[in-house]
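Throughout, protein chains are lettered first and strands after them, A, B, ... in sequence-line order, and every chain is numbered starting at 1.
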Amino acid sequence: MRILIVEDDLEAAAVMVRGLTESGHDCASAPDGVAGLDQARAGEFDVMIVDRMMPRMDGVTLVETLRREGDQTPVLFLSALGEINDRVDGLKAGGDDYLVKPYAFAELSARVEALARRRETGSVQTLLRVGDLEMDLIGRTVHRQGQEIDLQPREFQLLEFMMRHAGQAVTRTMLLEKVWEYHFDPQTNVIDVHISRLRSKIDKGFDRPMLQTVRGAGYRLDA
Amino acid sequence: MRLPRIFRTTPFRLTLLFLALFAASASAFLAYIYVATAGEATRRVDQLITREMRTLQSAYGRAGADALNQALIERAASERPYLYLLMRPDGTRISGSIEESPLDEFNGDPAWTSFRVTEFDVQGREINRPARGLQERLSGGEILFVGADVAEDEAYVVKIVRALWGAGALVIVLGLAGGVVVSRNVSRSMTGLNTVVDAVRNGDLTARAPVRGTRDELDELAVGLNEMLDRLERSMAGHKHAGDAIAHDLRSPLTRLRARLEASYLDLEAGRGDPEAAFAQAIEDTDGVLKTFGAVLAIARLQAAGTAPDPTLFDPADLAADICELYEPLCEDNGLDFKAERVRGLSIRANREFMAQALANLMDNAIKYTPQGGAIMLRVRRRSSGEVEFSVTDTGPGVPEADRSRVVERFVRLENSRNQPGAGLGLSLVVAVAEAHGGRVELSEGPGKVGEIGPGLRVAVIVPQAA
């Protein structure tokens, strides 16, 4: 996957490049908005990571410009501004996700993967399948090995999100944001409890567990 | 040359402007008085002269020039106040009480003139008296002049004009004096405000403007300024407190982190220890520090903003339902009995995200501090005051009454909760959220002490109901 990192903090950019390269991605970086715009126009990228506040051109202007030019590459905004308004502004400008600094690398990596995946599955799906697990999005039913699994509405949403990002690590924050639509950090392990409920429903009685815990990151649904 | 300060003040300038307007209207007023009095006197004299002229003309018409001449001589001898002059068509004098016409040119049309007559009094002194006259050509070609002494009228007019000038001068003097007095007063108040602004600009946030209790706009301005400064001072103090608190609260986990890293380093050097575990621990510690930092920042921003951004209208019961759904499994896992009571149909205008976070913090706290076998109740109701109340009640150890006001402060953690995770910011954020929505937080005792359980804690977030 080709990733463009537009970040004026060169050390932070270097850490991102190194980490993402080790995860098998092909990275390019630009130290400011103008250089970032040039690179974005020149190369085909799968995901862009854009800092909001940069010299010469800020991230929001950069993304607005690209979107006007018809470039739909998924963008993850990085920002030291964490207020709700800032997030809304960033998403309005054409950003696809928003990560507040400081962040854990695992969080960044998981979100980048999720953004790239979203692009691949552009068409509207009515059936999700991961290994022997099947989800019918219209009938709102879930089967594993042909056996129906009864889920609460929120558990269904949670599993849907996990299935759409199967094989990727998803963090607790991502789950809270995308499934519950809250952007704060609960002090207790409230998400873990929901995951363990879901796990007991989809994995109990089957020989191979699908819902894995990823240390230091979150969870992953494997086929 | 610089004008004295009083002349440069806005009130004084406004006074001058009003004075100019006032003087203009006073002039119009005085002009009217002049026309109505002095003008009237002149018109009266003119009427008398005209009447006399007609009388003489009719005498002339009846009996000719000689009869008129006779009449003039008789009239001049009598005590009538008129001046007469009868002239031949070429302008030479026939008879009359004056020697020559005061008119230099006469083309035959009736002509008015104002002139002076010279008389000698009994002591032989020359007296100049103002007079007015009308000259007309008679049907036979002779010229008749009839005049009248207007000295008395003139004196009357002069008096009126003098009085009017005096009145005008008085208007200006009184207006100016009033302006000075008014602007002095206003200036004094403004100076008080300016002094405060100067002091604040120079960094003294404790300066306050004097409030005179007159309840006028300037007083309102002073009160407003003082309130603004109060808030600014509180906010600054809050920021300073937050800074101190961050320094204090981040120092200990950072110190711990450093010590652990150092120990791991020594272990690794000695060929002992598990580097992976050391790193995992270090990252976990760092995350803790970052979490604390994020919470402090969120509180500081809310307090600095004063109001919550992006308020939307929603049913508090829906929000509570969401929170219940999020926390119910956790309660169950912790062996807690969780119940919710939600009155539907209320509505509040609030930032949903912040309100959710506040409720989540209350739930987090309740779960953290309530021992297994206890119970937690989330309630949404309408108070008799009309406000909307969210409350979370637990059966944990509660907070002694004396400590209740203290636990909502930042970083305050009671002695027996030190071993629990958290930075002591949860309730502070709840308070900040409530205040940003024009509400408040109340702490009270839970259901009471039953054996080993209780007495519990009830935390209520009270916000106004949307109109």
Side-chain angles (χ1 to χ4, degrees), chain A residues 15 19 79-89 91-92 98-108 151-158 171-173 175-201 213-218, chain B residues 276-277 279-281 283-284 286-295 297-298 300-302 304-305 308-311 319 321-334 351-368 420-426 429 433:
Chain A
V15 171
S79 174
L81 311 168
E83 287 189 75
I84 294 174
N85 288 352
D86 303 322
R87 185 189 302 272
V88 171
D89 286 350
L91 298 184
K92 248 186 222 158
Y98 201 94
L99 188 55
V100 178
K101 291 177 177 180
Y103 49 82
F105 179 75
E107 187 74 46
L108 176 84
L151 295 179
Q152 298 291 316
R154 192 68 78 180
E155 290 166 342
F156 188 90
Q157 282 176 274
L158 185 55
T171 65
R172 293 171 180 85
T173 323
L175 291 174
L176 193 66
E177 274 185 32
K178 314 291 176 191
V179 179
W180 279 270
E181 294 178 359
Y182 288 133
H183 295 90
F184 57 83
D185 221 354
Q187 289 172 42
T188 42
N189 53 339
V190 55
I191 298 299
D192 296 338
V193 178
H194 282 272
I195 288 284
S196 74
R197 294 235 161 153
L198 181 62
R199 178 181 278 149
S200 73
K201 285 190 177 174
T213 301
V214 184
R215 223 183 137 181
Chain B
E276 230 171 87
F279 276 123
Q281 184 64 55
I283 288 172
E284 197 180 304
T286 314
D287 284 346
V289 174
L290 290 177
K291 232 176 200 177
T292 303
F293 181 75
L297 216 59
R301 277 178 178 156
L302 254 185
D310 299 329
L319 174 66
D322 274 10
I323 295 296
C324 289
E325 191 268 334
L326 185 60
Y327 278 91
E328 200 174 4
L330 187 60
C331 290
E332 204 182 308
D333 272 26
N334 282 280
N351 181 304
R352 204 176 199 280
E353 177 88 14
F354 279 130
M355 290 304 294
Q357 183 163 10
L359 288 185
N361 283 9
L362 294 183
M363 288 300 296
D364 280 337
N365 278 348
I367 292 169
K368 216 154 53 177
Q420 294 277 0
L425 287 168
L429 183 76
V433 168

Task: Side chain proximity check, A:Arg197 to B:Asp333, heavy atoms < 4.5 angstrom - done: yes
TODO: Indicate the atoms forming the closest heavy-atom contact of A:His194 with B:Pro329, along with that distance.
DONE: CE1-CG, 3.5 Å
Task: Listed partners of A:Tyr182 passing ring-ring contact (aromatic ring centres under 6.0 Å, His included), at least two apart - done: A:Phe184
Open item on the list: Between A:Gln152 and chain B, with a heavy-atom cut-off of 4.5 Å, which part of the residue counts as in contact: side chain, backbone, both or neither?
Closed with: neither
TODO: Could you look at A:Asp192 and say if it's the side chain, the backbone, both or neither that has a heavy atom under 4.5 Å from chain B?
DONE: neither
Task: Within-4.5 Å side-chain heavy-atom neighbours: A:Trp180 and B:Asp322 - done: no
Open item on the list: I want to check something: taking the side chain as every heavy atom from C-beta on, are B:Leu326 and A:Arg154 in contact at a cut-off of under 4.5 Å?
Closed with: no
